[in-house]
Amino acid sequence: MVPDRTVLLTYYHKGTEKELLENEQIEEASTYAGCYVLIYILGTVLLTFFSGCTLVQGAFEFASSLGTVGISIGVTNSNTSTICLLIEIVVMVLGRLEIFVIFKALLKDKEKS
């Protein structure tokens with residue numbers, strides 16, 4: 001058991017140095033991971049719904065598109081619907097250019113207006 005007023009510091013090792021992990025760094029990493037997982041879940045559900053495949057197949061195809069890997073298990077083919085292709089195109093752009101770079105660019109453009 002740890003007393004209520006105990007201060008716990010988190011460090012990370014960078015090479016041979018030991019540096020203090022700031023709360024801001026933890027928040028940034030959590031935000032990035034959370035957004036990535038949210039996009040992955042939402043995209044998997046959309047792709048599964050519009051393509052009529054199983055959830056596992058949709059998750060695989062979506063992960064392949066998000067990672068811009070190019071591997072397919074047959075969900076994406078010459079008979080794939082336009083909406084599924086558009087979902088995968090948008091996801092490939094997000095995956096290739098990094099999610100937060102695109103979000104930041106869109107928000108920066110709104111700030112100028």
Side-chain angles (χ1 to χ4, degrees):
M1 290 218 278
V2 178
D4 292 337
R5 297 175 52 142
T6 301
V7 176
L8 298 175
L9 300 176
T10 306
Y11 293 93
Y12 69 98
H13 297 277
K14 186 176 180 184
T16 58
E17 299 175 11
K18 181 177 169 183
E19 295 187 22
L20 181 64
L21 189 61
E22 302 287 334
N23 283 337
E24 183 179 326
Q25 293 170 314
I26 295 171
E27 289 173 6
E28 286 176 3
S30 299
T31 302
Y32 181 82
C35 284
Y36 191 88
V37 169
L38 184 67
I39 289 169
Y40 179 70
I41 291 170
L42 179 66
T44 297
V45 170
L46 287 174
L47 192 61
T48 301
F49 179 75
F50 287 113
S51 70
C53 64
T54 67
L55 188 61
V56 173
Q57 290 172 330
F60 183 89
E61 289 285 331
F62 194 81
S64 175
S65 297
L66 187 58
T68 62
V69 177
I71 299 173
S72 178
I73 55 174
V75 175
T76 305
N77 56 38
S78 60
N79 298 326
T80 304
S81 68
T82 305
I83 190 73
C84 290
L85 292 177
L86 287 174
I87 291 169
E88 290 184 311
I89 288 168
V90 168
V91 168
M92 286 180 197
V93 170
L94 281 176
R96 183 69 179 148
L97 298 179
E98 290 299 325
I99 296 166
F100 280 117
V101 172
I102 294 173
F103 288 162
K104 186 69 174 174
L106 292 174
L107 291 175
K108 191 173 187 177
D109 192 39
K110 281 187 175 185
E111 291 173 0
K112 287 183 179 179
S113 300

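Quick note: residue numbers are just sequence positions, from 1. All values below were derived from every heavy atom in this structure, side-chain atoms included, with hydrogens, water molecules and symmetry-related copies excluded.
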**Q** Run the side chain to side chain contact (heavy atoms under 4.5 Å, CB included) test against Thr82 and tell me which residues pass, sequence neighbours left out.
**A** Leu86
**Q** Please list all pairs meeting side-chain hydrogen bond (donor to acceptor under 3.5 Å, both in side chains) that have one or both residues in residues 43-54, counting only residues at least two apart or in different chains.
**A** Thr54-Gln57
**Q** Quick test of your reading: applying ring pair (Phe, Tyr, Trp, His ring centres under 6.0 Å), list the pairs with at least one residue in residues 63-99, sequence neighbours left out, ordered by first then second residue.
**A** none
**Q** Please report the interatomic distance CG(Leu47) to CD1(Ile83), rounded to the nearest 0.5 Å.
**A** 10.5 Å
**Q** Which pair of non-hydrogen atoms, one from Ala63 and one from Tyr40, has the smallest distance, and what is that distance?
**A** CB-CE1, 3.6 Å
**Q** Please report, to 0.1 Å, the donor-acceptor pairs under 3.5 Å made by any side chain of residues 13-27, with sequence neighbours excluded.
**A**
from	atom 1	to	atom 2	distance (Å)
Glu19	OE1	Tyr12	OH	3.1
Gln25	OE1	Glu22	N	2.9

**Q** Counting only pairs under 3.5 Å, give me each side-chain donor-acceptor contact of residues 69-79, with atom names and distances, residues two or more places apart or in other chains.
**A**
from	atom 1	to	atom 2	distance (Å)
Ser72	OG	Glu61	OE1	3.3
Ser72	OG	Glu61	OE2	2.7
Ser72	OG	Gly74	N	3.1
Thr76	OG1	Glu61	OE1	3.0
Thr76	OG1	Glu88	OE1	2.9
Thr76	OG1	Glu88	OE2	2.8
Asn77	OD1	Asn79	N	2.8
Asn77	OD1	Thr80	N	3.2
Asn77	OD1	Thr80	OG1	3.4
Asn77	ND2	Gly74	O	3.0

**Q** Can you tell me how far apart CE (Met92) and OG (Ser64) are? Round to the nearest 0.5 Å.
**A** 7.0 Å
**Q** Examine Val91 and Leu42 and state if one hydrophobic cluster contains both, with Ile, Leu, Val, Met, Phe, Trp and Tyr joined whenever side-chain heavy atoms are less than 4.5 Å apart.
**A** yes
**Q** Out of curiosity, Phe62 CZ to Ile39 CD1, how far, rounded to the nearest 0.5 Å?
**A** 7.5 Å
**Q** What about Leu85 and Phe60, same hydrophobic cluster or not, with Ile/Leu/Val/Met/Phe/Trp/Tyr joined at side-chain heavy-atom distances under 4.5 Å?
**A** no
**Q** Excluding sequence neighbours, so at least two apart, what forms ring-ring contact (aromatic ring centres under 6.0 Å, His included) with Tyr32?
**A** Phe100
